[in-house]
Every structure is written in structure tokens, then in C-alpha cells.
Amino acid sequence: MEFITYEQEGFVGVITINRPKALNALNSQVLEELETTFKAVDLDTTRALVLTGAGEKSFVAGADIGEMSTLTKAEGEAFGKKGNDVFRMIETFPIPVIAAINGFALGGGCEISMSCDIRLCSDNAVFGQPEVGLGITPGFGGTQRLARLVGEGMAKQMIYTARNIKADEAYRIGLVNAVYSASTDEAGNEVSAQANLLAAAKKMAAGIAMNAPIAVRNCKKAINEGMQVDMDKAIVIEEKLFGDCFETADQQAGMGNFLEKDKEKKLKVVPFQNK
Ligand code: DAK
């Protein structure tokens with residue numbers, strides 16, 4: 001892999017898009033490598049993922065404009081399909097994916113973050129869909145996911161004006177769940193916003209990984225699939241995924257532990273097994 005690194009920390013996998021010279025812009029090779037990396041994640045030993053960008057300046061500055069500039073219509077369609085397939089794979093990936101947005105998240109960068117389950121960012125993050133200024137529409141799901149996340153009016157404003165927004169505004173409109181700044185540790189050393197962001201993303205992922213994995217996966221599926229249909233159908237999706245948790249070792253361990261009267265035997269944290 002030239003542009004993607006993968007690190008495993010306990011049950012958490014950290015995927016880093018590593019092309020800092022081009023501000024981690026997405027070319028075809030980055031998209032290919034991302035797809036290969038996600039497909040290689042061992043779902044028996046990994047319960048949550050963090051997706052971030054290398055360097056302190058940029059998460060992903062969009063699709064690679066140099067590569068796109070010479071595409072024919074057919075090539076543009078193939079490039080768009082590759083991006084859409086990868087983003088949809090992330091969105092429907094069985095385990096939660098947290099985007100740790102460390103700087104620019106423009107165009108395809110904003111779009112890839114929106115295909116993740118949760119977005120956290122550093123205070124230098126900048127979000128935007130600048131495509132109409134380049135003569136194209138947001139083509140990696142931006143017109144669809146942004147409207148679903150922040151509402152139609154705000155999505156239309158961002159997309160039609162092509163105006164970037166800063167981290168605090170992204171937080172205010174609900175595009176990100178939290179913003180991290182630099183701080184000073186107990187020894188008086190400065191901790192960068194990016195380090196705090198990554199630590200928080202890993203901590204959240206590790207916290208998710210402590211919960212029953214089958215239940216967490218089913219929650220992701222229920223929310224994703226339920227959001228696409230009306231409430232009557234959504235409730236049926238939820239019922240099925242709720243029922244699916246029963247008779248699993250994790251459901252029996254989780255409920256059994258709660259019902260355990262013997263305080264000695266009762267565990268603070270149930271070691272769920274993913275089965
Ligand atoms: N593509 C390629 N290279 C990029 C890039 C990008 N998106 N963004 C930055 N770079 C490169 C720069 O060319 C520069 O390379 P060198 O000149 O050093 O070789 C290097 O990264 C550093 O960038 P700057 O020198 O520009 O750095 P600054 O701090 O001055 O500015 C910036 C940072 C992020 C404000 C600026 O680089 C910028 O505006 N970048 C472009 C942002 C952008 O417009 N992104 C949206 C791209 S459009 C499709 C589906 C989806 C899409 C397209 C088609 N289909 C369905 C077919 C998606 C489209 C997009 O994402």
C-alpha cells in the first residue's frame with residue numbers, strides 16, 4: 001500500500017489516508033487501496049474503526065482535481081462509480097466507522113466523512129462542497145448525505161454557494177459531533193488538536209468495542225436501513241434486528257450478568273465474545 005496505513009489497537013482499527021503532499025486527495029489508487037484495506041479488516045477481532053488523514057493540515061482535500069481534469073465522460077462515470085462503491089461500502093460496513101477529521105474536508109473529503117457513522121474534528125477543520133465552482137455536482141453522495149445530515153436548507157446553502165465552513169459552524173449545524181482543540185498535559189507539554197482528536201476518536205471506538213458486538217452491528221443496520229423507509233417499515237426492520245440478538249452468547253452474558261445477584265460474580269464489564 002502506498003497511500004493507506006492500517007494499525008490495530010486492541011479491538012480498534014485505525015485507517016489513515018496517507019498522501020499528505022496532495023493534502024490526502026482521493027485519486028483512483030487511494031480509492032482502490034481504501035477498498036482493499038476495508039475488505040481486509042478482520043471482523044472477528046475488530047469492533048470499530050477510525051478513519052483519519054495523515055498530517056495536521058488535511059483530512060481529505062477532495063477528489064484529485066489533477067486526475068479528474070482530463071477524464072472523458074465514460075472515465076468520469078467510472079471514477080464516480082468507484083468512489084460511490086467505496087463510500088457505500090464504508091457506510092454499510094458491518095462495524096461502526098468514526099471519522100477523525102484533522103483539517104480540510106472538502107468535496108470528496110466532506111463526502112467520505114459523511115459515509116462514516118460519526119464525525120469528530122479538530123478546531124482547524126474546514127468543511128465544504130466546492131464542486132459547483134469546478135463545474136460539477138458533488139458526486140460522491142454529497143447531495144444526498146449532506147441533506148440527510150444537516151437538513152435540506154443548510155445542505156442547499158453549502159452546495160449552491162460552495163462556501164466552506166469552519167469547525168464551530170460544522171458543530172452548530174450537526175455535521176460533526178465534537179470539536180477538539182490543543183491543550184496542555186500535566187507535565188506542561190502542548191498536546192496538539194490533532195493528537196487530542198485522534199485520542200478521543202480511539203477512546204470512543206474502544207468504548208463502542210466494549211459493548212456487545214452483534215448488538216452494535218444490528219443497531220447500525222437498523223438505523224441505516226430504517227432511515228431510508230417510512231416508520232411502519234422501519235419498525236419492522238428494528239424488530240427483526242432486535243430478535244436477531246436473542247440466543248447469542250453476548251445477549252445471554254449481558255442479561256445474565258445484570259441478573260446475577262452474587263456481587264462477587266457480577267462483572268463490571270462483560271467480556272463480550274461476538275457470538
Ligand atoms: N486534488 C489534487 N491535488 C490537491 C487537491 C485536490 N483536491 N487539493 C490540494 N491539492 C494539492 C495542491 O495541488 C498542492 O500540490 P503541489 O502544488 O504542492 O504539488 C498541495 O496539495 C497543497 O495544496 P495548496 O498549495 O493548494 O495548499 P493551500 O494550503 O494553499 O490550500 C486548499 C489548501 C485545500 C484550500 C487548496 O489546496 C484547495 O482549494 N484544494 C482543492 C479543494 C477542492 O476544491 N476540493 C474539492 C475537489 S472536487 C465525481 C464524484 C465526486 C467528485 C468528483 C466526481 N463523479 C461522480 C465523477 C468529487 C469532487 C471533488 O472532491
Side-chain angles (χ1 to χ4, degrees), residues 2-5 16-35 38 51-92 99-116 119 121-150 154-170 175-176 179 192-194 197:
E2 190 181 348
F3 296 131
I4 305 290
T5 60
T16 305
I17 300 172
N18 191 3
R19 198 189 169 212
K21 279 188 188 154
L23 304 184
N24 303 321
L26 303 171
N27 62 13
S28 330
Q29 190 180 338
V30 174
L31 291 172
E32 290 283 350
E33 291 185 10
L34 260 179
E35 184 176 31
F38 270 88
L51 177 68
T52 193
E56 302 219 334
K57 187 171 171 182
S58 181
F59 171 66
V60 170
D64 190 304
I65 300 173
E67 183 178 326
M68 278 192 301
S69 64
T70 56
L71 296 183
T72 61
K73 273 192 182 176
E75 288 166 343
E77 209 176 305
F79 181 69
K81 176 163 171 32
K82 168 59 71 189
N84 275 328
D85 288 352
V86 173
F87 288 20
R88 186 77 181 127
M89 182 191 66
I90 295 172
E91 188 168 46
T92 58
I101 302 152
N102 52 307
F104 292 113
L106 302 176
C110 187
E111 289 169 307
I112 198 170
S113 81
M114 292 190 291
S115 69
C116 298
R119 280 152 298 285
C121 75
S122 50
D123 58 6
N124 68 332
V126 176
F127 297 81
Q129 297 292 161
E131 284 87 348
V132 294
L134 295 166
I136 54 176
T137 60
F140 287 158
T143 57
Q144 302 309 308
R145 293 193 182 97
L146 189 59
R148 283 167 171 77
L149 270 170
V150 304
M154 195 53 80
K156 284 178 172 171
Q157 181 178 320
M158 279 180 70
I159 291 170
Y160 299 168
T161 64
R163 191 179 68 81
N164 293 341
I165 61 169
K166 292 185 178 164
D168 55 348
E169 194 176 350
L175 184 53
V176 297
V179 182
S192 69
Q194 189 194 14
L197 163 68

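On a predicted model such as this, the values are computed, not experimentally measured, just so you know. Note that ligands are numbered from 1 as they come in the structure, with each ligand's atoms numbered from 1 the same way.
- Ser58 and Asn24 share no donor-acceptor pair across their side chains, judged by distance under 3.5 Å alone.
- Salt bridge annotation for Arg88-Glu91: present, with a cationic side-chain nitrogen under 4.0 angstrom from a carboxylate oxygen.
- Contacts with ligand 1 closer than 4.0 Å are made by side-chain heavy atoms of Ala25 only, the backbone lying farther away.
- Of all atoms in ligand 1, numbered sequentially from 1 with element shown, those under 4.0 Å from a heavy atom of Phe140 are 49 (C), 50 (C), 51 (C).
- Residue Gly139 has at least one heavy-atom neighbour below 4.0 Å for each of these atoms of ligand 1: 50 (C), 51 (C), 56 (C).
- Using a distance-only test at 3.5 Å, with no hydrogens or angles considered, no donor-acceptor pair links the side chain of Glu67 to the main chain of Asn27.
- Per-residue contacts place Gly108 under 4.0 angstrom from the following atoms of ligand 1 (heavy atoms of the residue considered): 60 (C), 61 (O).
- Counting only heavy atoms from C-beta outward, the side chains of Gln144 and Met114 never approach each other to under 4.5 Å.
- At a distance under 4.0 Å, a protein heavy atom can be found next to atom 7 (N) of ligand 1.
- Asn164 places no side-chain N or O within donor-acceptor distance of the main-chain N or O of Val126, the cut-off being under 3.5 Å.
- Within the listing of ligand 1, atoms 58 (C), 59 (C), 60 (C), 61 (O) sit less than 4.0 angstrom from a heavy atom of Glu131.
- Side-chain atoms of Glu131 never come within 3.5 Å of backbone atoms of Gly139 as a donor-acceptor pair (strictly under, hydrogens ignored).
- Counting protein heavy atoms only, atom 36 (C) of ligand 1 is closest to Leu23 CD1, 4.6 Å.
- At least one heavy atom of Lys21 lies less than 4.0 angstrom from ligand 1.
- Looking at Val60, Leu51, Ile101, Ile90 one by one, the single match for side-chain contact (heavy atoms from CB on, under 4.5 Å) with Ser113 turns out to be Ile101.
- The residue among Asn164, Leu71, Leu134 with a heavy atom at the shortest distance from atom 48 (S) of ligand 1 is Leu134.
- Residue Ile136 touches ligand 1 through its side chain alone, judged by heavy-atom distances below 4.0 Å.
- Thr16 contributes no side-chain N or O that, together with a main-chain N or O of Asn18, makes up a donor-acceptor pair within less than 3.5 Å.
- Ranking the protein heavy atoms by distance from atom 55 (N) of ligand 1 puts Gly80 CA, 3.5 Å first.
- Among protein heavy atoms, the minimum distance from atom 1 (N) of ligand 1 is reached at Ile65 N, 3.0 Å.
- The presence of a protein heavy atom under 4.0 Å from atom 45 (N) of ligand 1 is confirmed.
- Ligand 1 places these atoms under 4.0 Å from at least one heavy atom of Asp64: 1 (N), 2 (C).
- Looking only at heavy atoms of the protein, atom 54 (C) of ligand 1 is closest to Met68 SD, 3.7 Å.
- Closest approach of Glu56 and Ser192 over heavy atoms only: OE2-OG, 3.5 Å.
- Using a 4.0 Å threshold on non-hydrogen atoms, atom 26 (O) of ligand 1 does not count as touching the protein.
- The aromatic ring centres of Phe140 and Phe79 sit less than 6.0 Å apart.
- The shortest heavy-atom distance from Lys81 to ligand 1 is not under 4.0 Å.
- A salt bridge does not link Glu77 with Lys82: none of the charged nitrogens is closer than 4.0 Å to a carboxylate oxygen.
- The closest protein non-hydrogen atom to atom 58 (C) of ligand 1 is Ala63 CB, 3.5 Å.
- Gln129 places no side-chain N or O within 3.5 Å of a backbone atom of Cys110 that could act as its donor or acceptor partner.
- In this structure, the protein non-hydrogen atom closest to atom 11 (C) of ligand 1 is Ala22 CA, 3.8 Å.
- Between Gly128, Ala61, Gly107, it is Ala61 that holds the heavy atom closest to atom 43 (C) of ligand 1.
- Taking every non-hydrogen atom of Gly62 and a distance limit under 4.0 Å, the qualifying atoms of ligand 1 come out as 61 (O).
- In Glu75, the CD atom is crowded: over 12 heavy atoms of neighbouring residues, nucleotides or ligands sit closer than 6.0 Å.
- Donor-acceptor pairing under 3.5 Å is recorded for the side chains of Asn124 and Ser122.
- The closest approach between Gly76 and ligand 1 falls below 4.0 Å for a heavy atom of the residue.
- Within a 4.0 Å radius of atom 20 (C) of ligand 1, the protein contributes one or more non-hydrogen atoms.
- Of the protein's heavy atoms, Lys57 NZ, 4.7 Å lies nearest to atom 30 (O) of ligand 1.
- Less than 4.0 angstrom separates atom 13 (O) of ligand 1 from none of the non-hydrogen atoms of the protein.
- Ranking protein heavy atoms by distance to atom 39 (O) of ligand 1, first place goes to Leu106 CD1, 4.6 Å.
- Between Arg19 and Asp64, at least one side-chain N (NZ, or NE/NH1/NH2) sits under 4.0 Å from a carboxylate O, which counts as a salt bridge.
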